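Data first, discussion second: the structure below is written as structure tokens.
Source: prediction; values computed, not measured. Residue numbers begin at 1 in each chain, while the letters A, B, ... track the order of the sequences.
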2 protein chains.
Amino acid sequence: MLYRPFEKRLNTELAKHELHRAQWTIIYYLENINPATLVELSNYQGVEKPTITRTVSQLEERGIVEQVPGKDKREKRMQLTKAGKQFYQEIRKTVDAYEEEILMGISEEELKTAIVIMDDIRKNIIQSGDGEVGTNKN
Amino acid sequence: MLYRPFEKRLNTELAKHELHRAQWTIIYYLENINPATLVELSNYQGVEKPTITRTVSQLEERGIVEQVPGKDKREKRMQLTKAGKQFYQEIRKTVDAYEEEILMGISEEELKTAIVIMDDIRKNIIQSGDGEVGTNKN
DNA sequence: GATAATAGTTATCAAAGGTAACTATTTTAC
DNA sequence: GTAAAATAGTTACCTTTGATAACTATTATC
């Protein structure tokens, strides 16, 4: 049970920027894969659509993300605003410091190994049972 | 982000026994360290006391755990009831199957490595910052 | 063109956590 | 030996984060 203390601590770090974990996860994803639809975000987070709608709205209200016209009138494609990208860099500092702290004494190799294994497990979960999100099954 | 799919799936497994993750964690802990106080449980889960009070009450109402007189009139020492222990065995089957499934293709060694690393990280979190629970600081 | 599927939203509920403020005991300090 | 501090737990209440059900609007498919 690594998760509880990790999340607890991450949230106190993010609180410095008046952010919560769920919001940060979306900002983080958008920094990499930039215009992303809500469904994409929903799949990434492993969370139902209404949950994403809410979190994205919060970020929208704060001017961190904005909509870009997608090829479809249905889809809502989001990207980080200019301010959002700057914001990301700020949070990044906090998160980097946090990560460095909790990874003290753990080598690059060890970390890589752990990541690979956890990724294998994640794939197993998503493949078999229904670690997946409802939308995908229709 | 291994956690979300893992918890989601675990919860659907536990639902077969009308259980939730937080409850299961306590049952699991009590199977090993049997009479445990609420503070102990609270530290184990990395969660504040009121949260534990609630979860333990639920298990108490279902006759899964019961109080044993501790050396102190303050502390509430809990153990699994007879029914609770039987219940544990049942759930164990479900959880074992689940674990086997998600660990498919992952060797003993790999798993051990991952556990060691994650444990190191957990220790780092608890040591430094405040991955800890409020009670401990007073 | 009617039916399916897809993307998103709204409303509402539940799980799981937190804080503040409290009671009842037990320890510690003077 | 009592007053103050610490410890264990509880109650009341709030927040975050998730889920479901039922819906609209748009696009694909047959």
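At distances below 3.5 Å, not a single donor-acceptor pair connects side-chain atoms of B/Glu110 with backbone N or O atoms of A/Ile117. Counting only distance, with no hydrogens or angles, the side chain of A/Ser42 and the backbone of A/Val47 share a donor-acceptor pair below 3.5 Å. In this structure, the side chain of B/Thr81 engages the main chain of B/Ile64 through a donor-acceptor pair within 3.5 Å.
Of all heavy-atom pairs spanning A/Met78 and A/Leu38, the tightest one is CG-CD2, 3.8 Å.
With rounding to whole Å, A/Arg4 atom CZ is found 9 Å from C/dG18 atom C1'. The separation between B/Ile52 atom CD1 and C/dG17 atom P is 8 Å, rounded to whole Å. Atom CZ of B/Arg21 is separated from atom P of C/dA14 by 18 Å (rounded to the nearest Å).
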Would B/Glu90 and B/Lys93 count as a salt bridge (Lys or Arg N to Asp or Glu O under 4.0 Å) if you check the C-alpha gap in whole Å, the side-chain angles of each, and the deciding distance to 0.1 Å?
CA-CA 5 Å; B/Glu90 282 172 49; B/Lys93 284 178 207 157; over 6 Å; no
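Nearest nucleotide to the A/Thr53 side chain, out of D/dT17, C/dA20, C/dT10: C/dT10. Listed nucleotides: D/dA19, C/dG8, C/dG18. Nearest to the side chain of A/Leu38: C/dG8.
Residue-level contact check: B/Thr37 touches the backbone only, with heavy atoms under 4.0 Å from sugar-phosphate atoms and none from bases.
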Give every pair of a protein N or O atom and an N or O atom of nucleotides 24-27 of chain C that lie under 3.5 Å apart, one pair per line with the distance.
unit_1: C/dT26; atom_1: OP1; unit_2: B/Lys73; atom_2: N; d: 2.8
unit_1: C/dT26; atom_1: O4'; unit_2: B/Arg74; atom_2: NE; d: 3.4
unit_1: C/dT26; atom_1: O4'; unit_2: B/Arg74; atom_2: NH2; d: 3.4
unit_1: C/dT26; atom_1: O3'; unit_2: B/Arg74; atom_2: NH2; d: 3.4

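Under the Watson-Crick or G-U wobble criterion, with both distances below 3.5 Å, C/dA29 is paired with D/dT2. The partner of D/dT26, taking Watson-Crick or G-U wobble pairs whose two distances both stay under 3.5 Å, is C/dA5.
Side-chain atoms of A/Lys49 and base atoms of C/dG8 include a donor and an acceptor less than 3.5 Å apart. Put simply, the side chain of B/Arg54 and the base of C/dG17 share a donor and an acceptor less than 3.5 Å apart.
Under the salt bridge (Lys or Arg N to Asp or Glu O under 4.0 Å) rule, B/Arg92 has a single partner from B/Glu13, B/Glu99, B/Glu31, which is B/Glu99.
Here C/dA4 is in the syn range [glycosidic angle within 90° of 0].
Ring pair B/Trp24/B/Tyr29: centre-to-centre distance not below 6.0 Å.
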